[in-house]
Amino acid sequence: MTGDAPDRGSAAPPIRVTGLRTEFGDTLIHDDLNLDVKAGEILGLVGGSGSGKSVLLNTILGLKTPDAGKVELFGHDIQEGGERDEVERRIGVLFQNGALFSALTVQENVEAPFLEHSDLPMELVGKLAALKIKLAGLPEDAGAKKPAELSGGMRKRAGIARAIALDPALLFLDEPTSGLDPIAANEFDELIRTLRDALGLTVFLITHDLDTLHAICDRVAVLAERKVIAVAPVEDLERSEHPWVRDFFQGPRGRAAQRTYN
Ligand SMILES: Nc1ncnc2c1ncn2[C@@H]1O[C@H](COP(=O)(O)OP(=O)(O)OP(=O)(O)O)[C@@H](O)[C@H]1O
């Protein structure tokens, strides 16, 4: 950050969405949506299919322009562009499919952000990438493999290694445990929490996974009726009278998760 940014940035929340409106043709997806994510928290975003979670993520990432309202990351309006590269360096993203380059090895995938955003010598880039691969819980020999040679869980870990390559302050995860078996999903939840604690990350994740919500999320935001209708710890949401929230947390799967964690 430059100029007066550090002061503003340190006081401002990592993510602030204000008065967001999103429309596709005649269809209104978000209407006066507001959300603050606090520094150091793991915030889970839930909502019905088609409620606009992915569109919200893309808007926060600056991949979609709001029709009204604004998104500020660390106090910077992401549409203003001036410090976009600086803001981008403070963000790591794990998209649902991992989005690794299939022709590159895991090591080369993790080196890619360094090559794009830094002019560090190649030897150092190699060492830093190897460190991130280790931090993501992958064995040493994983670096030499292509994504297709890895299990689903290991591919996600490779995606995490790449997402944390540049020491981001903010990590975005889209359905991080989807496609993983329950054991791998639990281990992945544990990894996210460990990285948050060790690296001081703020984490914003979209998930339908009740175990993830219970096990690692400090607060859960509910997207319904085109807005974030509640942001609260999962225990509080379990007492909600809102029909969708009640069905989500009090359905058979929700009650099973409660029995496990409460
Ligand atoms: N580029 C687009 N053009 C038109 N409509 C779109 C576009 N992108 C998304 N939509 C619509 O916006 C709505 C919200 O989509 P979004 O993918 O954000 O939902 P979601 O909450 O992530 O759903 P799911 O949990 O099923 O992934 C959907 O009705 C979708 O069809």
Side-chain angles (χ1 to χ4, degrees), residues 15-37 42-73 78-79 91-100 152 155-156 159-160 163 170-182 184-185 188-189 192 202-217 219-232 234 237-238 240 242-254 256-257:
I15 305 173
R16 170 163 285 168
V17 182
T18 319
L20 176 67
R21 180 182 174 90
T22 308
E23 52 200 17
F24 291 113
D26 293 339
T27 311
L28 191 54
I29 308 294
H30 304 131
D31 185 17
D32 193 23
L33 182 152
N34 299 293
L35 176 65
D36 273 12
V37 180
I42 300 179
L43 182 113
L45 178 70
V46 300
S49 194
S51 59
K53 300 181 295 297
S54 299
V55 174
L56 176 58
L57 174 63
N58 287 339
T59 306
I60 292 173
L61 292 174
L63 303 173
K64 159 107 188 64
T65 306
D67 292 298
K70 63 178 175 178
V71 174
E72 292 163 282
L73 299 183
I78 58 162
Q79 293 304 320
I91 290 173
V93 188
L94 176 66
F95 287 106
Q96 201 170 338
N97 55 13
L100 295 164
R155 262 200 302 280
K156 297 234 184 202
I160 285 282
L170 185 51
L171 183 62
F172 293 91
L173 308 168
D174 190 0
E175 294 279 356
T177 58
S178 79
L180 299 184
D181 68 64
F188 202 75
D189 284 345
I192 295 167
T202 302
V203 181
F204 177 99
L205 61 89
I206 296 178
T207 191
H208 292 114
D209 188 329
L210 284 149
D211 291 309
T212 300
L213 296 172
H214 278 276
I216 64 167
C217 291
R219 295 192 305 158
V220 177
V222 181
L223 184 48
E225 296 148 24
R226 308 186 182 94
K227 294 178 178 9
V228 172
I229 58 158
V231 194
V234 68
L237 294 178
E238 284 168 353
S240 170
H242 185 280
W244 188 86
V245 182
R246 199 180 49 217
D247 288 353
F248 186 79
F249 287 104
Q250 299 294 339
R253 286 165 190 266

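Start at 1 and go down the list; that is how both ligands and their atoms are numbered.
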ring-ring contact (aromatic ring centres under 6.0 Å, His included) filter on Phe249, not counting sequence neighbours, yields none

Is it the case that atom NZ in Lys70 sees more than 12 heavy atoms from other parts of the structure closer than 6.0 Å? no

Those residues that, when tested against Thr177, pass side chain to side chain donor-acceptor pair (under 3.5 Å) (two or more places apart): Asp209

As a test of understanding, state which of Leu57, Leu61, Leu63, Val55 forms a side chain to side chain contact (heavy atoms under 4.5 Å, CB included) with Thr59.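 Filter result, single survivor: Val55.
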
In a check of side chain to side chain contact (heavy atoms under 4.5 Å, CB included) between Ile42 and each of Val37, Val203, Leu171, Leu173, which one passes? Val203

Students should find this: residues with any non-hydrogen atom under 4.0 Å from ligand 1. What is the answer?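 Residues near ligand 1: Phe24, Ile29, Gly48, Ser49, Gly50, Ser51, Gly52, Lys53, Ser54, Val55, His208.
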
By the side chain to side chain donor-acceptor pair (under 3.5 Å) test, which pairs, at least two apart or in different chains, include something from residues 16-29? Arg16-Asp36, Arg21-Glu23, Thr22-His30

